[in-house]
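One structure below.
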Amino acid sequence: MHPLALQPRPSANDPGGSIAPRAELIERFDVAGPRYTSYPTADRFVEAFDASSLDQWLGQRAALGWHQPLSVYVHVPFCASVCYYCACNKIVTKDRDRGRAYVEDLMREVEIYGERLGRREPVSQMHFGGGTPTFLDGATLQSVIDGLERVFAFTPQAERSIEVDPRTVDVARLRELHGQRFNRLSFGVQDFDGDVQAAVHRVQSTEQVFELTRAAREIGFESVNVDLIHGLPRQSEATFRKTLETLVELRPDRVAVYGYAHLPERFKPQRRIHTVELPPARDKLAMMRLAIQMLTENGYVYIGMDHFALPDDALAVAQRRGMLHRNFMGYTTQPDCDMLGLGVSAIGRMGPSYAQNFRTLDEYSDAVRAGRLPIHRGYELSRDDMLRRSAIMSIMCSGEVSFAALETSFLIDTKLAFSEEIGRLREFQDLGLVRIDQDGIAVTAQGRYFVRAIAMVFDRYLRAQMQRGSYSRVL
Ligand code: SF4
């Protein structure tokens, strides 16, 4: 790791090595930008990459007899009620039978992968996301796990995580999830303030979240994450401070503080949010700054972008060791590996390719019932894409680009290949956000809050996208 990378130390523009970023920098770099859970980003995927393209890559993996464990993401698209800020691919229904029917298709997809891979491949990471995974009742969820364990060999230390809407579970359900060998939970809380909760149609009591978090610890979950959102209607710096105080008291192992992007023309539920109740941009930025300040002052380590963790959490440990990675699940301790995206709209990665499933239940269901992989679109990376992916992921995870490492991996003159990008990064250097020398590029203490903006410099597809204004904001 470069000695300057992601270390909170003083710099010329940040003499005190202060923890929260300067307000004017937040304002300046609060521009549209992708989250880089992949590069190229999913909006570059093409339909020319289809089920047969993925079949070929699966065949290659099977032929090589790789033993590198897989990561598996399972998407459960159902929610019993809609949250007005939602930008996810979900189906709002109270009909639990739809969940059971969906799981039958999901199992068909798992079987198809099993056939293509030709043997019980090891799995070291599994994540259930949604939607609301706990929309599925215990028995239905168990049938998914049984199906996965039949086809794949989970490693003894496998990370098994699930997103939990606190409104949908009680302590008994948490016990059941632990019995199903989930070892990590992620609670979607968003805000503890009752008024804010009412404005976004997601009401849950603080007591309930405390009770569940306490129970999760007693039961033995290894890590509990809590998601918050800033920029929601009826939020102010004062209300968000109280929410953060409550969060600090709750003390989950991991915290994510996402920024709300109001795009009602794209996401229908957001049309129910009253624009006049949204906090002004300046207040939204102040909330993010406050979150960084309060969380780091209370012992949390800043992991990157919107993520924080307690110092002994695996993510913080991996960051200290320079072993942090990033995939479609966000920051992770799992090394770069092939990933299967299961379920409607899920995205996976196989070798130098990405593939995304159909976004509608009908198309997804038709494909798996016909014995086909339900691939809607995907992407095969060129050598240039892979080089840029390495640089972008390195900035996002370890806050550095080592010229020598890229030279060794790609047999290129890195400084020459990235001469334009290095030129564009001079502006960041002048602001004290990066340091460029003969060894590489290192993100400074202040720069670490803007890794997304720094990574964007390496994204060759971005310019046209930015002109269309189709990304959420950087912070
Ligand atoms: S935010 Fe989550 S729980 Fe709420 S509607 Fe969207 S997917 Fe469902």
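All values derive from a computational prediction rather than experimental measurement. Keep in mind that the numbers below use all heavy atoms, side chains included, and drop hydrogens, waters and symmetry copies. In listed order, ligands and their atoms are each counted from 1.
Put simply, the side chain of Glu237 never gets that close to the backbone of Met287: no donor and acceptor are under 3.5 Å apart.
Near Thr132, meaning under 4.0 Å from one of its heavy atoms, ligand 1 places the atoms 3 (S). Distances below 4.0 Å separate heavy atoms of Gly131 from the following atoms of ligand 1: 7 (S).
Screening Tyr331, Tyr449, Tyr302, Tyr300 for a ring pair (Phe, Tyr, Trp, His ring centres under 6.0 Å) with Phe308, the sole residue that qualifies is Tyr302.
Annotation: atom 8 (Fe) of ligand 1 to nearest protein heavy atom, Cys79 SG, 2.3 Å. Looking at atom 3 (S) of ligand 1, its nearest protein heavy atom turns out to be Arg202 NH1, 3.4 Å. Closest to atom 5 (S) of ligand 1, if we only count protein heavy atoms, is Cys83 N, 3.4 Å. With respect to atom 6 (Fe) of ligand 1, the closest heavy atom belonging to the protein is Cys86 SG, 2.3 Å.
Side chains of Gln235 and Asp191: a donor-acceptor N/O pair is present below 3.5 angstrom, by distance only.
Cation-pi check for Arg120 over Phe152 is not met; the charged atom does not lie both under 6.0 angstrom from the ring centroid and within 45 degrees of its normal. Figure legend: Arg452 and Tyr36 shown without cation-pi pairing, the cationic atom not lying both under 6.0 angstrom from the six-membered ring centre and within 45 degrees of its axis.
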